[in-house]
There are 2 protein chains.
Amino acid sequence: MATHELFHTIYQLSRELTKQTNQTLQSFGLYSAQWAVLFVLKEKGSMPQSDLCEYLAVEAPPMTRTIQRLMKQDYVQQKPGADKRVKMIELTEKAKKAYPEWEQAVLSMNERLLAGVPDEQRMVMKTMLASWLVTLKGVSHE
Amino acid sequence: MATHELFHTIYQLSRELTKQTNQTLQSFGLYSAQWAVLFVLKEKGSMPQSDLCEYLAVEAPPMTRTIQRLMKQDYVQQKPGADKRVKMIELTEKAKKAYPEWEQAVLSMNERLLAGVPDEQRMVMKTMLASWLVTLKGVSHE
DNA sequence: TCCTATTAGTTACTTAGGTAACTATTCTAT
DNA sequence: ATAGAATAGTTACCTAAGTAACTAATAGGA
């Protein structure tokens, strides 16, 4: 098969989805990378910065930057952990209050972007891509 | 469905594929964005810079940068078009000579990364993602 | 014809992620 | 108990894409 096309399509999709997410979040003064962090913190609660990296599969430096910006906006705060190296990250009250509005905007955007795709296809894509990603990470990890 | 997961997976996949591509091209002194341009020029021949943008769905500024770097490496040259605004871009002899080696490296990488995925699934993914991308672009275009 | 709108490309600045090199802790093995 | 390895996080610098604002050239309409 022409593997080029598959790779190219995934790349294009990723960029388009990020662009749309940024547009959606623009009115809240947020960007996609920040949203990803806020989403995880909402789901999982307080956690070390390194866990955020692992969860989002992002290296430490970009995470440092994203968190510093979220702190500047008072959406996130850090508390020293028992281990003096780690910084525990958690949502502020301000963020918790604003969160539902953000979530609603993102969810309705997701629905709009997937409007033409039947639920079955969404599931198939999600399953195939996720399992491929797992093997992909596994291969390069060995 | 949990649309978050699908979007997240696509984003992760895109980043992993780009990273692997960069690693593969590293020994040739090339990066993924440059390779994309070289690939299109090889397939389509000489074309205006704006056509390259359209083909790769990239805005003009990043394309300017990528091409300037490719010119510095003597892999690409620009010739003025009949319209004095346009710059026609084409591969140099040096690039044409080196191309097969690059292509071979990328193709074998693609096969390696897709090793665990049966051909049927590759086709299904490609088809679904491509058609989704088209509708996605169409929606935001209107 | 000439004035306006459009198009091609560049420059400046932004978000976003990556690697390398570094500091400061903590863990481990002798 | 301590020296060396591993871990958490930061800083500096890289590729990469985006928008806004700009220049230069072309196209189109009054």
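Every chain is numbered from 1, with letters handed out A, B, ... down the list of sequences.
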Colleague: Provide the closest heavy-atom pair for Phe28(A) versus Ala105(A) in the form atom of the first, atom of the second, distance.
Modeller: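 That would be CE1-CB, 3.7 Å.
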
Colleague: Starting from Tyr11(A) and following side-chain heavy-atom contacts under 4.5 Å between hydrophobic residues (I, L, V, M, F, W, Y), which residues can be reached?
Modeller: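 Answer for Tyr11(A): none, a lone residue.
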
Colleague: Between Trp35(A) and Tyr99(A), how do the two ring planes meet: parallel, tilted or perpendicular, split at 30° and 60°?
Modeller: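 Trp35(A) and Tyr99(A): parallel rings.
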
Colleague: Just the rounded figure in Å: distance from P of dG9(C) to CG of Leu52(B).
Modeller: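 The answer, rounded to whole Å, is 9 Å.
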
Colleague: Any salt bridge linking Arg122(B) with Glu111(B)? Criterion: basic side-chain nitrogen under 4.0 Å from a carboxylate oxygen.
Modeller: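 Result for this pair is yes, salt bridge flagged.
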
Colleague: Return the 5'-most residue of the pair Gln34(A), Ala82(A) with respect to DNA chain C, ranking by each residue's nearest nucleotide.
Modeller: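 First, find each residue's nearest nucleotide; the 5'-ward one identifies Gln34(A).
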
Colleague: Using whole Å, what does the distance between atom P of nucleotide dT14(C) and atom CZ of Arg69(A) come to?
Modeller: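 Rounding to the nearest Å, CZ of Arg69(A) and P of dT14(C) are 11 Å apart.
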
Colleague: Rounded off to whole Å, could you give me the NZ-to-C1' distance for the Lys72(A) and dT14(C) pair?
Modeller: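 Distance, rounded to whole Å: 14 Å.
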
Colleague: Tell me: CD of Glu16(B) to C1' of dG17(C), nearest whole Å?
Modeller: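 Result: 13 Å.
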
Colleague: At a heavy-atom distance below 4.0 Å, what parts of residues 37-45 of chain A sit against DNA chain C?
Modeller: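 Residues of residues 37-45 of chain A that come under 4.0 Å of DNA chain C do not exist, since none gets that close.
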
Colleague: Roughly how many Å is it from CG in Leu56(A) to P in dA16(C), rounded to a whole number?
Modeller: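 It works out to 12 Å between those atoms.
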
Colleague: Lys96(B): which residues meet the side chain to side chain contact (heavy atoms under 4.5 Å, CB included) condition with it, sequence neighbours left out?
Modeller: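 Residues passing side chain to side chain contact (heavy atoms under 4.5 Å, CB included) with Lys96(B): Leu91(B), Glu93(B).
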
Colleague: Going by side chain to side chain contact (heavy atoms under 4.5 Å, CB included), name the residues that satisfy it together with Arg85(B), two or more places apart in sequence or in a different chain.
Modeller: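 In terms of side chain to side chain contact (heavy atoms under 4.5 Å, CB included), with neighbours along the sequence ignored, Arg85(B) is linked to Asp83(B).
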
Colleague: Taking OH from Tyr11(A) and C1' from dA17(D), how many angstroms apart are they, rounded to a whole number?
Modeller: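 Taking OH of Tyr11(A) and C1' of dA17(D), I get 7 Å after rounding.
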
Colleague: Inspect the surroundings of NZ in Lys84(B) and state if more than 12 heavy atoms from other residues, nucleotides or ligands are less than 6.0 Å away.
Modeller: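 No - once you tally the heavy atoms of other residues, nucleotides and ligands closer than 6.0 Å, there are 12 at most.
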
Colleague: Rounded to the nearest Å, what distance is computed from the CZ atom of residue Arg15(B) to the P atom of nucleotide dG17(C)?
Modeller: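 So the two atoms are 6 Å apart, to the nearest Å.
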
Colleague: Evaluate the side-chain contact (heavy atoms from CB on, under 4.5 Å) criterion for residues Met63(B) and Leu56(B): first the C-alpha distance (whole Å), next the side-chain angles of each, then the deciding distance (0.1 Å), finally the verdict.
Modeller: CA-CA 9 Å; Met63(B) 186 54 71; Leu56(B) 295 171; 3.9 Å; yes

Colleague: Are Ser32(B) and dA16(D) close enough that a side-chain N or O sits under 4.0 Å from OP1 or OP2?
Modeller: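 Yes, Ser32(B) has a side-chain N/O under 4.0 Å of OP1/OP2 on dA16(D).
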
Colleague: Of all the nucleotides listed (dG18(C), dA16(D), dA16(C)), which has the minimum atom distance to the side chain of Tyr31(B)?
Modeller: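 Per side-chain heavy atoms of Tyr31(B), the pick is dA16(D).
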
Colleague: Give the rounded distance in Å between these two atoms: CD of Gln26(B) and C1' of dC14(D).
Modeller: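 Nearest whole value for this atom pair: 12 Å.
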
Colleague: Could you write nucleotides 2-10 of chain D as a row of B, S and -, 5' to 3', where a protein heavy atom under 4.0 Å of any base atom gives B, of only sugar-phosphate atoms gives S, and otherwise -?
Modeller: ----BBSSB

Colleague: Who clusters with Val86(A)? Use side-chain heavy atoms, under 4.5 angstrom, across I, L, V, M, F, W and Y, and order the result by chain and number.
Modeller: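 In the cluster with Val86(A) are Met88(A).
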
